[in-house]
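This one's a predicted model, so the numbers in the text were calculated from it and none came from an experiment.
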Amino acid sequence: MKKKIVSGILAMLMGITLIGCGANTENKTQNTDNDKLNIIVSIYPLKEFAEKIAGDKAEVTCLVPDNIEPHDYEPKTKDFEALTKSNVFIYNGLGMETWVDQVNEVIKDKGVTIVDSSNGVEVRKEGDAVDPHIWLSLKNAEIQSENIKNTLVKLDEKNKDYYEENYKKFKEELESVYNEYKPKFDTLNKKNFITGHAAFGYLCRDFGLTQKSVENLFAEGEPTPKQLEDLVNFCKENNIKTVFSESLASPKVSETLAKEVGAKVVPIMTLESKEDDKSYIEAIRYNLDEIYKCLSEEANKAE
């Protein structure tokens with residue numbers, strides 16, 4: 001039913017945009033002295049990456065509202081209208097935005113530059129499913145930001161040095177956080193932690209960690225009794241006393257698991273939406289601090 005509704009909106013919008021947005025698109029991709037680039041991104045982390053690099057040369061808008069799970073989001077008519085008037089649409093890719101192909105179909109001939117920010121990322125899978133949560137890796141955030149920077153340079157070449165410098169500063173921030181935490185995690189002999197849903201695989205890859213999750217990559221459904229039993233046994237065997245829970249996923253199963261093994265539930269951020277007014281760097285630091293503290297405490301108790 002959802003697909004039919006979205007398809008109907010798309011058909012209507014394609015008619016509207018053929019009439020109303022068929023003006024000279026060449027001007028849309030130029031950033032004049034008086035006009036800023038109009039950038040629309042799909043999800044929150046891309047908004048911050050784009051703002052870091054574009055600075056005062058662009059206005060950046062996020063399609064998915066705060067506190068909305070991106071997998072559950074459906075574009076509205078006003079969203080399509082805004083997209084056809086933008087210079088750039090940047091999306092995460094890897095299946096994060098189930099609606100993105102339909103959006104791109106509407107805007108592909110409207111002079112809008114479409115950017116898949118996942119280009120160049122080494123993709124990981126959970127079983128047969130592709131993991132889309134690439135922004136939770138500091139290393140991947142560099143790649144996504146570079147894709148954004150390269151796009152801005154092409155569209156607004158006169159400000160190339162400005163974008164390059166902003167990207168360089170942001171990359172240095174990302175590398176500084178990575179270089180601060182990598183040695184800390186390397187010293188730990190305990191590397192496993194429990195999350196509400198399997199969003200932290202790329203973060204784990206950065207720091208040599210392993211996540212065991214209550215729910216799947218897309219926080220869909222609940223574990224079977226057998227899966228829950230296996231998680232309970234894993235927690236008991238590894239003396240795990242913390243179960244991390246994400247704000248956009250259901251806490252119920254995490255709380256059930258924690259109660260079963262005598263663990264506490266600690267919030268952790270997927271950054272699919274802005275959380276607790278924390279910037280991207282602040283939220284990543286929070287996650288790394290909480291995970292490190294959890295693993296350190298459990299390692300000390302096991303000795």
Side-chain angles (χ1 to χ4, degrees), residues 1-32 35-51 53-54 57-65 68 70-121 123 130 132-135 140 143-160 163 272:
M1 178 60 72
K2 283 184 180 179
K3 192 167 184 180
K4 287 183 179 179
I5 293 170
V6 173
S7 297
I9 293 173
L10 286 172
M12 181 179 70
L13 257 295
M14 289 183 80
I16 292 172
T17 53
L18 283 170
I19 297 170
C21 299
N24 185 352
T25 56
E26 193 172 322
N27 291 333
K28 288 177 61 175
T29 56
Q30 298 299 315
N31 182 17
T32 68
D35 296 325
K36 295 183 178 183
L37 286 171
N38 180 354
I39 300 172
I40 295 181
V41 302
S42 59
I43 58 174
Y44 167 71
L46 299 178
K47 182 175 188 288
E48 190 161 333
F49 299 167
E51 287 175 338
I53 296 158
K57 307 298 181 189
E59 294 290 343
V60 185
T61 306
C62 185
L63 274 184
V64 180
I68 297 294
H71 311 306
D72 298 333
Y73 167 75
E74 287 183 61
K76 306 293 188 294
T77 301
K78 64 181 176 62
D79 297 326
F80 287 111
E81 290 174 341
L83 279 161
T84 60
K85 296 172 185 174
S86 68
N87 302 116
V88 188
F89 172 52
I90 303 165
Y91 66 101
N92 184 77
L94 304 179
M96 187 66 193
E97 306 93 344
T98 55
W99 36 267
V100 76
D101 288 344
Q102 295 173 355
V103 167
N104 288 345
E105 184 64 26
V106 168
I107 66 175
K108 68 179 182 181
D109 298 321
K110 303 298 182 291
V112 182
T113 299
I114 300 171
V115 181
D116 180 348
S117 70
S118 70
N119 285 334
V121 168
V123 178
V130 171
H133 302 89
I134 52 178
W135 64 89
N140 288 342
I143 295 172
Q144 292 181 281
S145 298
E146 185 171 20
N147 287 333
I148 293 169
K149 180 264 295 179
N150 290 342
T151 299
L152 298 186
V153 167
K154 285 180 184 176
L155 292 179
D156 185 23
E157 193 170 355
K158 71 177 181 297
N159 286 309
K160 177 179 185 293
Y163 298 132
E272 293 176 10

If you take all heavy atoms of [X] and [Y], which pair is closest and at what distance?
| X | Y | value |
| --- | --- | --- |
| Leu37 | Tyr163 | CD1-OH, 3.9 Å |
| Ile90 | Ser117 | CG2-CB, 4.2 Å |
| Thr84 | Val112 | O-CG2, 4.1 Å |
| Asn147 | Asp116 | ND2-O, 4.1 Å |
| Val64 | Pro70 | CG1-CA, 4.2 Å |

Checklist entry - Taking 4.0 angstrom as the limit, do Lys47 and Glu51 come out as a salt bridge? => result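 The answer is yes: the pair qualifies as a salt bridge.
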Are any of the side-chain heavy atoms of [X] and [Y] separated by less than 4.5 Å?
| X | Y | value |
| --- | --- | --- |
| Ile43 | Pro45 | yes |
| Val106 | Leu83 | no |
| Ile143 | Asn140 | yes |

Suppose we screen for side-chain hydrogen bond (donor to acceptor under 3.5 Å, both in side chains). Which residues come up paired with [X], at least two apart in sequence or across chains?
| X | answer |
| --- | --- |
| Lys108 | Glu105 |
| Asn92 | Gln144 |
| Asp79 | Tyr73 |
| Ser145 | none |

Item to check | Sequence-distant partners of Leu94, side chain to side chain contact (heavy atoms under 4.5 Å, CB included), two or more places apart | outcome: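 For Leu94, the residues satisfying side chain to side chain contact (heavy atoms under 4.5 Å, CB included) (neighbours in sequence not counted) are Ser118, Val123, Val130, Pro132, Ile134, Tyr202.
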Checklist entry - What pairs with Asn104 under side chain to side chain contact (heavy atoms under 4.5 Å, CB included), at least two apart in sequence or on another chain? => result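 Only Phe89, Tyr91, Val100, Ile107, Ile114 meet the side chain to side chain contact (heavy atoms under 4.5 Å, CB included) criterion with Asn104.
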Next on the checklist: Go through it in stages, so that I can follow the logic: the residues are Phe80 and Val103, the test is side-chain contact (heavy atoms from CB on, under 4.5 Å), and I'd like the CA-CA distance, side-chain angles, deciding distance and then a yes or no.
Outcome noted: CA-CA 7 Å; Phe80 287 111; Val103 167; 3.5 Å; yes
Next on the checklist: For Glu59, give me all partners under salt bridge (Lys or Arg N to Asp or Glu O under 4.0 Å), at least two apart in sequence or on another chain.
Outcome noted: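 In terms of salt bridge (Lys or Arg N to Asp or Glu O under 4.0 Å), with neighbours along the sequence ignored, Glu59 is linked to Lys36.
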Checklist entry - With Glu48, which residues qualify under salt bridge (Lys or Arg N to Asp or Glu O under 4.0 Å), at least two apart? => result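 With neighbours one apart ignored, the set is empty.
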Once you round to the nearest 0.5 Å, how far does [atom1] of [X] lie from [atom2] of [Y]?
| X | Y | atom1 | atom2 | value |
| --- | --- | --- | --- | --- |
| Glu146 | Lys149 | CD | NZ | 5.0 Å |
| Ile39 | Leu46 | CD1 | CG | 11.0 Å |
| Gln102 | Glu74 | CD | CD | 9.5 Å |
| Lys85 | Ile40 | NZ | CD1 | 10.0 Å |

Checklist entry - Which residues satisfy the ring pair (Phe, Tyr, Trp, His ring centres under 6.0 Å) test with Tyr44, sequence neighbours excluded? => result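 Expected list: none.
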